[in-house]
Amino acid sequence: MFKALVLDQAEDKKTVAEVKELSVDDLPKQEVLVAVEYSSLNYKDGMAVTGTGKIIRNFPMVPGIDLAGKVIESDSDKYKAGDSVILTGWGVGERYWGGYSQQAKAKADWLVPMPTGLDSRKAMIIGTAGFTAMLCVMTLEEAGVTPDQGPVLVTGAAGGVGSIAVTLLSKLGYEVAAVTGRENTHEYLKGLGASQILSREEMSADTRPLESQRWAGAVDTVGGNILARVLAEMDYNGAVAACGLASSFKLNTTVMPFILRNVSLRGTDSVSCPPERRAQAWQRLAADLPESAYETISRTVGLDQLVEVSQEIMAGQVQGRVLVDPNL
Ligand code: NDP
């Protein structure tokens with residue numbers, strides 16, 4: 001028997017979360033059985049656990065969109081007992097049972113072998129949020145954004161994706177400006193490497209189609225008015241990697257930045273990211289994320305605290321990353 005957080009739907013359609021004892025036979029059939037060492041809390045997990053939006057596709061569901069741990073047994077030649085693996089995305093914790101559990105089953109093709117230099121704890125301090133931050137950085141690099149071109153902007157900077165994006169970009173030599181709505185995160189963001197802090201309020205103000213050029217690149221985790229302003233402030237040839245909707249999924253903008261300044265807006269998705277790119281991003285994270293980041297950006301909770309921290313992340317109150325230890 002092992003413990004897992006199980007979500008169910010009450011008669012009034014409200015989501016109910018409870019830590020339950022399960023057996024391996026309760027797990028939906030998949031090729032690889034994993035002993036989960038760590039999972040993490042992402043914005044989407046917050047939505048799932050609090051029942052915000054339609055994240056969970058079928059109940060009962062074990063949430064947790066990522067996990068890292070050791071293979072217990074495998075029906076696939078790709079993995080054997082004892083292998084360390086990472087799983088993010090692919091609908092896990094949405095359509096398929098996820099990481100808020102001491103044991104989980106997965107398709108072999110969903111798994112990434114643990115890269116040299118990482119372990120389960122570090123991998124889940126990074127988690128889906130950090131993996132997405134790395135994909136955003138790679139997207140900017142592919143768009144030709146280099147440190148010598150001028151400052152890059154990160155929105156929702158004190159959150160999970162934002163914190164790791166600030167850390168990575170700063171480590172890679174970029175001058176980083178951070179947008180945050182919380183004054184008490186300024187010192188934290190400076191510690192991660194931000195040299196300029198902008199207020200959420202200032203960046204949410206209505207924008208003209210084009211504003212003064214300020215940014216060579218941007219990682220946007222919030223969407224809405226802020227993304228509209230970021231686009232209007234991009235330098236000629238600038239690129240924005242958009243991955244989130246913490247403010248809004250809407251985007252009210254004009255074609256002006258695109259047709260007059262050659263700006264590009266590039267989407268960044270972590271869920272269905274192809275395996276080769278996943279492996280590449282994890283290798284980069286192992287190499288580029290400084291050791292100090294793991295202590296600075298994380299705190300640890302057990303399964304019992306997940307409802308509480310899910311409410312916190314939905315209220316925009318989580319700083320950095322929340323590591324989930326299902327064995328606490
Ligand atoms: P967090 O909650 O940790 O971070 C989001 C941050 O956005 C907050 O910390 C806050 O930063 C800021 N924020 C919150 N509410 C608002 C608001 N109303 N207006 C403006 N800013 C706000 O979440 P994550 O970092 O885990 O995820 C960030 C976003 O990225 C989410 O929308 C998530 O769904 C998305 N995402 C997308 C992925 C993909 O594959 N495309 C994968 C992972 C995440 P501050 O306090 O500094 O202002």
Side-chain angles (χ1 to χ4, degrees), residues 88-89 126 128-157 159-179 192-196 198 203 207 209-247 249 251-285 287-289:
T88 68
I126 296 168
T128 302
F131 171 60
T132 305
M134 188 75 243
L135 293 176
C136 289
V137 171
M138 287 161 59
T139 298
L140 294 187
E141 290 172 345
E142 286 151 8
V145 180
T146 51
D148 56 307
Q149 290 168 356
V152 293
L153 185 70
V154 177
T155 66
V161 177
S163 292
I164 298 186
V166 169
T167 309
L168 284 169
L169 288 164
S170 160
K171 172 79 187 321
L172 292 167
Y174 291 87
E175 182 187 333
V176 184
V179 182
L192 299 184
S195 54
Q196 210 188 130
L198 290 90
M203 290 304 290
T207 180
L210 293 173
E211 299 282 350
S212 300
Q213 298 182 41
R214 297 173 89 182
W215 318 113
V219 171
D220 178 62
T221 72
V222 302
N225 274 5
I226 294 182
L227 177 54
R229 171 163 286 275
V230 170
L231 286 167
E233 291 184 352
M234 294 308 293
D235 291 349
Y236 193 88
N237 261 344
V240 181
C243 71
L245 42 56
S247 166
F249 66 86
L251 175 59
N252 183 10
T253 187
T254 74
V255 297
M256 294 310 206
F258 310 113
I259 64 172
L260 294 181
R261 290 190 181 158
N262 222 37
V263 167
S264 56
L265 174 59
R266 300 185 174 216
T268 306
D269 165 61
S270 67
V271 176
S272 305
C273 174
E276 307 73 48
R277 194 168 172 79
R278 276 175 194 265
Q280 195 191 352
W282 280 106
Q283 297 292 348
R284 287 281 312 269
L285 282 158
D288 292 341
L289 202 59

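By convention here, the first residue in the shown sequence is residue 1.
- A donor-acceptor pair is defined here as one N or O able to donate and one able to accept, closer than 3.5 Å; no such pair exists between the side chain of Tyr174 and the backbone of Gly217.
- Tested against Ser270 for a side-chain contact (heavy atoms from CB on, under 4.5 Å), the candidates Thr88, Val161, Thr128 yield a single pass: Thr128.
- Not a single donor-acceptor pair under 3.5 Å links the side chain of Ser170 to the backbone N or O of Ala194.
- Atom CE in Met203 sits 6.0 Å away from atom CZ in Arg229 (nearest 0.5 Å).
- Side chain of Arg266 to main chain of Cys136: no donor-acceptor pair is present (N/O by atom type, distance under 3.5 Å, no hydrogens or angles).
- At least one side-chain heavy atom of Leu168 sits under 4.5 Å from a side-chain heavy atom of Leu289.
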Given side chain to side chain contact (heavy atoms under 4.5 Å, CB included), test Val219 with Val152 step by step and report yes or no. CA-CA 8 Å; Val219 171; Val152 293; over 6 Å; no
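- Between Ala129 and Gly160, the shortest heavy-atom contact is CB-C, 3.8 Å.
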Steps toward side chain to side chain contact (heavy atoms under 4.5 Å, CB included) verdict (Met134, Ile126): CA-CA 10 Å; Met134 188 75 243; Ile126 296 168; over 6 Å; no
After noting the C-alpha distance and the side-chain angles of Cys243 and Leu135, does the key distance pass the side chain to side chain contact (heavy atoms under 4.5 Å, CB included) rule? CA-CA 9 Å; Cys243 71; Leu135 293 176; over 6 Å; no
Give the C-alpha distance, both sets of side-chain angles, the deciding distance and a yes or no for side chain to side chain donor-acceptor pair (under 3.5 Å) between Thr146 and Gln149. CA-CA 6 Å; Thr146 51; Gln149 290 168 356; 3.3 Å; yes
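- Remark: the backbone N or O of Gln280 is not paired with any side-chain donor or acceptor of Gln283 at under 3.5 angstrom.
- The two residues Asp235 and Val263 have their closest heavy-atom pair at O-CG2, 3.7 Å.
- Residues Asn225 and Thr207 have side chains not in contact (no heavy-atom distance under 4.5 Å, counting atoms from C-beta outward).
- Partner Leu265 forms a side-chain contact (heavy atoms from CB on, under 4.5 Å) with one of Asp220, Thr253, Leu251, Val230 and no other, that one being Leu251.
- Counting only distance, with no hydrogens or angles, the side chain of Gln213 and the backbone of Tyr236 share a donor-acceptor pair below 3.5 Å.
- Between Ala242 and Leu227 the shortest heavy-atom distance is CB-CD2, 4.4 Å.
- Proximity of a side-chain donor or acceptor of Arg261 to a complementary backbone N or O of Leu231 within less than 3.5 Å is not detected.
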Trace of the side chain to side chain contact (heavy atoms under 4.5 Å, CB included) decision for Thr254 with Leu210: CA-CA 9 Å; Thr254 74; Leu210 293 173; over 6 Å; no
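- Closest heavy-atom contact between Ser195 and Glu175: OG-CG, 3.5 Å.
- Residue Gln196 holds its CD atom at 6.5 Å from CZ of Arg214, rounded to the nearest 0.5 Å.
- Contact detail for Ala157 and Val166: the closest heavy-atom pair is CB-CG2, 4.1 Å.
- For Asn262, the CG atom sits in a packed shell: over 12 heavy atoms of surrounding residues, nucleotides or ligands are nearer than 6.0 Å.
- Atom CG of Leu172 is separated from atom OG1 of Thr167 by 10.5 Å, given to the nearest 0.5 angstrom.
- The heavy-atom pair separating Ala218 from Leu140 by the smallest distance is O-CD2, 3.7 Å.
- Considering only heavy atoms from C-beta on, Leu153 comes within 4.5 Å of Leu198 through its side chain.
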